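Working notes, beginning with the structure itself.
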Amino acid sequence: MLVGVSPKEDKMQGIREKRRRMRRIRNGIILAVVLTSLLLIGYFAMTFFFQDHFFFRTEINGLQVGGLSVSDAEAEIARDEGKYILIISDRDKNLYTIEGAQIGSNYAPDGSVGKALKEQNPYGWLTAVFSGNRIDVKTPMEYDAGMLYDTVSKLDCFQEENIEPPENAKIVLEDGKYQVVQEKQGNQLILDRVVAAVQRAVSEGAGELHLTDEMYESPEITEESSEITEAMAAIDSYSAAKVVYKIADYDEKLEGEELFDMIHVAEDFSVTIDKEKVERFVQRLASKYNTYADVREFKTSKGDTVEIGGGDYGWVIDKEEEAKLLEENILAGGTTEREPVYSQTARVEGLDDIGNTYVEIDYTSQHVWYYENGELKLESDLVSGNIAKGNGSPDGVFKVVYKQSPAVLVGEDYESDVTYFIVFAYNVGIHDASWRSNFGGEYYKTRGSHGCVNVPLAFAASLYEMIEKDTPVIAYYREPIELSTENCKISNAYSYVDPEKKGSEEVGN
C-alpha cells in the first residue's frame with residue numbers, strides 16, 4: 001500500500017536541499033578565497049625574495065646560481081674561476097693552454113653579476129621555474145703581469161725550433177724566364193701583441209683566444225706589392241723590345257733570348273739593363289760592321305786582285321754612344337728601326353763600302369785612275385814618294401779629306417807652290433808638279449817626292465774639278481814594302497813599320 005507524501009513535507013524537503021547547496025557554495029567560495037590568498041601571499045613572498053636572489057634554474061656562464069644572492073653567486077663564480085683555463089688557437093689550428101695558476105689569476109667582480117640581477121624581473125619568477133634562465137656575463141680576472149708574460153713567452157709557438165719566419169715574394173730566373181715566387185707567411189708570432197691579446201682575454205675572463213693575422217710577422221713584399229708588379233711589368237716590356245739595325249746588305253737585330261739576357265733584376269727589384277752585356281753586344285756589332293782599316297780584296301784596273309788594308313776609310317760605330325742609345329731603345333720597349341750610331345761613315349753602305357766612284361793608285365805601276373759611277377773618267381802616270389830616301393807614299397784605303405787651289409807645300413827643307421792639291425792621307429795628297437817633265441816608270445825609287453803623289457797639271461786640274469770630298473782613295477804596292485815616315489804612321493798606312501819596334505825585334509833575334 002503506497003503511502004503518499006503530503007505537499008507540506010515535500011516543500012520542506014526542497015527547502016532543506018536548497019540550504020545544503022548554498023552551504024556547499026559558500027564553503028567553496030571561502031576555500032577559494034583562502035587558497036587564492038595563500039597563493040598570492042606565496043607569489044608575492046617569492047617575488048620579494050627574487051628581488052635580491054636569482055631565479056631558480058638560473059645559470060651564469062653555465063654555472064648554477066639559482067636562489068643565490070649576488071655575493072653568493074660571485075663567490076660561486078670565484079670558486080669556479082679558480083680552475084680558469086685559457087685555450088689559445090693559432091692560424092694553423094694548433095692549441096695552447098694557459099692555466100690560471102700559471103698567471104696568478106683571480107676573479108675580480110666588476111658589478112656584472114649585480115647588473116644581471118637588476119635586469120631580472122622578480123615578477124617573472126614563476127615563468128622561470130619552467131623555462132629556466134641563462135645569463136652570460138663577463139668574469140674579469142686579475143693576474144700577475146710578469147707571470148703572464150713569462151708564461152706566454154714559453155709557449156711552444158715561441159720556441160726557436162718551431163718558428164718559421166715569413167719570406168718575401170721574389171723574382172727568380174727559371175727555365176729561361178723571370179717568375180714570381182709567392183711570399184711565405186710563416187708562423188712567427190709577435191710576442192708583445194700576443195701578450196696584449198692574452199691580457200685582454202684574461203681580463204675579460206674569456207675561455208678562448210684565436211690568434212689573428214695581425215699578431216704574426218708578415219712578409220714585407222707580397223706578389224701583389226708594387227715592387228713586384230712594377231718589376232714584372234718592366235721585364236715584360238723590356239723583353240718584348242726589338243731593335244732592328246738598318247744596314248745595307250745585312251740583317252742585324254737584337255731581340256729574344258739575346259736581349260732577354262741583358263735584363264738584370266736586383267735584390268731591391270729594380271730592373272735594369274746590364275751595361276756590360278750591352279757593351280759586349282755593341283763590341284760584336286762593331287767587330288762585324290766596322291770597316292775602318294779592314295784588310296780587303298780589291299780588284300784592280302789591271303784585272304787582278306790585291307789585298308789592301310790600313311788607311312782611315314770605312315764605317316766606325318761609336319761604341320759608347322751606340323751602347324747608350326741601345327739601352328734607351330730597350331727601356332722604351334716596342335720595336336725600333338734605325339742605323340747604328342757611327343763616329344765615322346763611309347761613302348757607300350753595304351758589303352762594298354768603296355762603291356764605284358773612287359781613285360785607284362798603283363804605286364808599283366806608278367799609275368792613277370779615277371772612276372765615277374763605275375766609268376773610267378781619268379787616268380795618268382805619276383811619281384810617288386822616294387823609296388831610296390825612305391819617303392814612300394802611304395798605302396791603304398783613304399778618303400779625300402779636302403782639296404785646295406792654289407796651295408803651298410811646306411816641308412822641313414822645301415817649300416813648293418802647286419795649283420791643285422787633293423789631300424787624302426794626313427798631309428799627303430795628289431798635286432801637280434810643274435818641276436817634273438816625266439811621270440811613271442821607276443823615278444819614284446830614287447827621284448820620287450817627299451811622299452805626295454805628283455801628276456801632270458792637266459790631270460790634276462780635271463781631277464780637282466770632278467772629285468768630291470770623302471771620295472775613296474785606294475793606294476797600294478804590288479810588292480812588300482816597309483814605310484816608316486811620320487805621315488805613314490799618322491795616316492795608318494798598311495805597310496807602316498815602327499822603326500823602334502823593328503829595331504827591338506832585330507836585337508832580340
Side-chain angles (χ1 to χ4, degrees), residues 54 57-66 68 72-113 115-116 132-170 181-225:
F54 287 100
R57 298 187 65 195
T58 296
E59 294 180 3
I60 292 182
N61 298 346
L63 186 66
Q64 289 288 345
V65 296
L68 299 182
D72 290 340
E74 289 178 339
E76 190 67 23
I77 292 171
R79 281 192 294 273
D80 186 67
E81 292 300 326
K83 299 177 287 185
Y84 176 74
I85 294 178
L86 175 64
I87 299 175
I88 303 172
S89 61
D90 64 19
R91 64 185 178 191
D92 294 324
K93 298 183 180 179
N94 298 310
L95 300 178
Y96 314 92
T97 59
I98 293 179
E99 297 180 0
Q102 292 177 289
I103 58 176
S105 67
N106 292 294
Y107 173 54
D110 64 347
S112 296
V113 175
K115 183 178 179 182
N133 188 26
R134 291 180 177 83
I135 302 172
D136 289 321
V137 299
K138 292 184 178 180
T139 53
M141 306 288 288
E142 296 176 337
Y143 57 86
D144 184 302
M147 291 177 66
L148 186 145
Y149 187 94
D150 187 59
T151 299
V152 172
S153 66
K154 290 179 180 178
L155 294 175
D156 286 347
C157 55
F158 287 106
Q159 304 317 302
E160 186 174 353
E161 63 272 16
N162 299 324
I163 295 175
E164 294 180 10
E167 293 182 17
N168 287 335
K170 55 188 176 181
V181 176
Q182 189 178 25
E183 69 279 2
K184 292 183 179 180
Q185 294 296 334
N187 64 0
Q188 187 170 4
L189 287 157
I190 302 171
L191 179 58
D192 288 345
R193 293 186 184 179
V194 175
V195 167
V198 171
Q199 288 175 335
R200 287 192 297 271
V202 173
S203 294
E204 295 172 359
E208 296 180 358
L209 171 64
H210 178 68
L211 303 181
T212 59
D213 289 342
E214 292 75 18
M215 300 178 194
Y216 287 83
E217 293 285 0
S218 299
E220 294 180 0
I221 305 294
T222 71
E223 62 180 340
E224 301 298 328
S225 296

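Remember, predicted model here, so these are calculated numbers, not experimental data.
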### Query
To the nearest 0.5 Å, what is the distance between OG (Ser105) and CG (Asp144)?
10.5 Å
### Task
Quick one: pull up OG in Ser89 and NE2 in His210 and give me the separation to the nearest 0.5 Å.
5.5 Å
### For Asn94, side chain to side chain donor-acceptor pair (under 3.5 Å) partners two or more places apart
Asp90
### Query
Any side-chain heavy atom of Leu86 within less than 4.5 Å of one from Thr97?
no
### Query
Considering only heavy atoms from C-beta outward, does the side chain of Leu209 approach that of Ile87 to under 4.5 Å?
no
### Query
Passes side-chain contact (heavy atoms from CB on, under 4.5 Å), Gln185 versus Tyr216? Steps please.
CA-CA 8 Å; Gln185 294 296 334; Tyr216 287 83; over 6 Å; no
### Query
Who passes side chain to side chain donor-acceptor pair (under 3.5 Å) against Ser225, sequence neighbours left out?
Thr222
### Message
As a quick check of understanding, evaluate side-chain contact (heavy atoms from CB on, under 4.5 Å) for Ile103 and Ile98, giving each step before the final call.
### Response
CA-CA 8 Å; Ile103 58 176; Ile98 293 179; 3.7 Å; yes
Side-chain donor-acceptor distances from residues 188-205 under 3.5 Å, at least two apart:
from, atom 1, to, atom 2, distance (Å)
Arg193, NH1, Glu214, O, 2.6
Ser203, OG, Gln199, O, 2.8

### Message
I'd like to check the side chain to side chain donor-acceptor pair (under 3.5 Å) partners of Asp110; sequence neighbours left out, ordered by chain and number.
### Response
Ser112
### Summary
Across all chains, not counting sequence neighbours, the side chain to side chain donor-acceptor pair (under 3.5 Å) partners of Gln182 are Glu223
#### Entry: Set of side chain to side chain contact (heavy atoms under 4.5 Å, CB included) partners for Asp150, sequence neighbours left out
Ser153, Lys154
What donor-acceptor contacts under 3.5 angstrom involve side-chain atoms of residues 161-169, with partners at least two apart or in another chain?
from, atom 1, to, atom 2, distance (Å)
Asn162, ND2, Asp156, O, 2.9
Asn168, OD1, Glu220, N, 2.7
Asn168, OD1, Ile221, N, 3.0

### Query
So, for Met147 and Gly104, which heavy atoms are closest and what is the spacing to 0.1 Å?
CE-N, 3.6 Å
### Task
Please report the closest heavy-atom contact between Pro140 and Tyr107, naming both atoms and the distance.
O-CD1, 3.3 Å
### Query
Is the backbone of Phe54 close enough, under 3.5 Å, to the side chain of Thr58 for a donor and an acceptor to pair up by distance?
no
### Query
Does Arg57 have any side chain to side chain contact (heavy atoms under 4.5 Å, CB included) partners at least two apart in sequence or in another chain, and if so, which?
none
### Message
Using only atom types and a distance under 3.5 Å, with no angle test, would you say the side chain of Thr151 pairs donor to acceptor with the backbone of Gln102?
### Response
yes
### Task
Please name the pair of heavy atoms, one in Tyr84 and one in Ala206, separated by the smallest distance, quoted to 0.1 Å.
OH-O, 2.5 Å
### Message
Using the rule given for side-chain contact (heavy atoms from CB on, under 4.5 Å), can you reason through Leu95 versus Ile88, listing the C-alpha separation, both sets of side-chain angles and the distance that settles it, and then say yes or no?
### Response
CA-CA 6 Å; Leu95 300 178; Ile88 303 172; over 6 Å; no
### Query
Taking only residues two or more places apart in sequence or in another chain, which ones pass side chain to side chain contact (heavy atoms under 4.5 Å, CB included) with Glu59?
Gln64, Arg134
